[in-house]
Amino acid sequence: MSAQVQSTRKTVKDIAAAKGGTPLVCLTAYTAPMAELLDSRCDLLLVGDSVGMVVHGLPTTVGVTMDMMILHGQAVMRTSKKAFVVVDMPFGSYEASVEQAFHNAARIMKETGCQAVKIEAGEYAAATVRHLVDRGIPVMAHVGLRPQATNVDGGFKAKGRTDAERKRVIAEARAADGAGCFAMVIEGVAEDLARDITAAVSCPTVGIGASSACDGQILVTDDLLGMFDWTPKFVRRYADLKDVVGKAVDGYAADVRARRFPGEKETYALKKQP
Ligand code: KIV
């Protein structure tokens with residue numbers, strides 16, 4: 001007899017149902033303790049390939065590997081219980097063919113237990129979205145500024161500044177939506193374009209640097225917490241953790257050097273033998 005495991009997690013249907021409703025609260029998570037902290041406070045946790053830049057110190061997301069995504073996906077799945085968890089497919093893991101995309105997406109799903117994958121979707125990627133969804137893999141698309149295309153774009157540049165670019169981004173969004181993605185990230189576009197995309201697609205849109213005209217918002221958690229000196233225009237810092245951590249470590253270092261740490265309270269004492 002098989003035991004039925006009840007999951008309390010949000011499902012793809014819960015996320016899709018947010019279209020036009022209360023905005024979806026989404027954040028990145030890469031580690032078990034952070035996932036535990038964010039889990040009950042967010043609808044969706046993204047194990048983003050931004051992990052390469054935020055945690056591993058890479059200059060862009062291009063160097064991120066499948067093994068990195070799987071390791072961080074496993075960590076996030078171990079401590080999250082409620083949020084819907086999406087893992088990014090890294091650069092080079094899905095573009096060559098739909099078969100390559102299925103092989104790697106299935107590996108991510110099996111080895112992490114996450115509920116969906118995300119791909120950066122140029123118009124060509126609609127076939128990939130369809131191929132994965134038809135085979136049981138929910139896909140979140142990512143349109144507008146696509147960080148994995150930074151080498152083609154010559155940097156992290158907002159999208160939709162020209163008419164041609166606007167049309168291309170809307171076409172990408174429509175193509176991914178028509179191919180069955182359950183939600184899409186819109187990154188780095190002006191408010192009117194985000195509004196047009198949100199109106200044009202049936203799935204919920206999740207904005208980052210894409211105004212409030214989306215069905216939800218996502219930020220890199222470390223940006224929101226103020227872990228870096230530089231804050232992009234679209235980020236609101238809700239804390240200044242870099243300062244907090246710096247001051248804490250300065251205090252520790254001063255205490256160690258002055259032999260104030262460890263003190264009596266932090267030191268084991270041998271129990272006196274009777
Ligand atoms: O990798 C990531 O963190 C992302 C978000 C910026 C949406 O894709």
Side-chain angles (χ1 to χ4, degrees), residues 15 23-31 34-35 38 42-66 68-73 75-76 80 83-95 105 108 112 114 116-122 125 129 138-150 153 155-159 169 172-173 176 181-189 194 197-198 203-212 214-225 227-228 230-237:
I15 303 298
L24 286 164
V25 177
C26 314
L27 280 173
T28 60
Y30 318 122
T31 65
M34 187 56 83
L38 302 181
C42 293
D43 299 305
L44 183 151
L45 295 179
L46 171 68
V47 186
D49 60 353
S50 52
V51 69
M53 299 168 77
V54 174
V55 174
H56 296 272
L58 293 171
T60 70
T61 56
V62 170
V64 174
T65 64
M66 281 286 293
M68 284 161 80
M69 294 314 302
I70 286 170
L71 198 67
H72 289 284
V76 167
S80 60
F84 188 84
V85 177
V86 180
V87 175
D88 255 342
M89 295 197 70
F91 177 69
S93 71
Y94 61 93
E95 301 90 333
I108 289 175
T112 68
C114 73
V117 297
K118 175 162 82 57
I119 66 171
E120 293 188 12
V129 175
V139 179
M140 184 174 208
H142 183 146
V143 302
L145 192 166
R146 291 189 274 121
Q148 292 176 7
T150 181
D153 291 342
F156 295 92
K157 301 235 166 76
K159 284 281 168 309
V169 176
E172 285 170 1
C181 68
F182 70 90
M184 78 177 57
V185 168
I186 308 178
E187 179 165 358
V189 306
I197 295 172
T198 300
C203 69
T205 57
V206 177
I208 175 162
S211 82
S212 61
C214 299
D215 299 301
Q217 297 294 324
I218 186 161
L219 283 177
V220 169
T221 301
D222 299 66
D223 284 340
L224 164 160
L225 294 177
M227 287 298 288
F228 304 110
W230 183 69
T231 308
K233 175 181 166 54
F234 57 83
V235 170
R236 186 177 297 169
R237 282 167 89 131

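Counting convention: from 1, in listed order, for ligands and their atoms alike. Quick caveat, the model's predicted, so the values are computed rather than measured.
- Between atom CG of residue Asp88 and atom CE of residue Met140 there is a gap of 9.5 Å, rounded to the nearest 0.5 Å.
- Taking 4.5 Å as the limit, some side-chain heavy atom of Ser50 sits within range of a side-chain heavy atom of Thr28.
- Listed by chain and residue number, Asp222, Leu225, Leu241 satisfy the side-chain contact (heavy atoms from CB on, under 4.5 Å) test with Met227 (two or more places apart in sequence, or in another chain).
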For ligand 1, list all ligand N or O to protein N or O distances below 3.5 Å, rounded to 0.1 Å.
residue: ligand 1; atom: 1 (O); partner: Asp49; partner atom: N; Å: 3.1
residue: ligand 1; atom: 1 (O); partner: Asp49; partner atom: OD1; Å: 3.0
residue: ligand 1; atom: 1 (O); partner: Ser50; partner atom: N; Å: 3.0
residue: ligand 1; atom: 1 (O); partner: Ser50; partner atom: OG; Å: 3.3
residue: ligand 1; atom: 1 (O); partner: Asp88; partner atom: OD2; Å: 3.1
residue: ligand 1; atom: 3 (O); partner: Ser50; partner atom: OG; Å: 2.5
residue: ligand 1; atom: 8 (O); partner: Lys118; partner atom: NZ; Å: 2.9

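- His72 places a side-chain N or O within donor-acceptor distance of the main-chain N or O of Tyr30, the cut-off being under 3.5 Å.
- Take Ala29 and apply the side-chain contact (heavy atoms from CB on, under 4.5 Å) test, not counting sequence neighbours, and it matches Ala35, Leu38, Leu45, Val76.
- The side-chain contact (heavy atoms from CB on, under 4.5 Å) search around Gln217 returns Cys214, not counting sequence neighbours.
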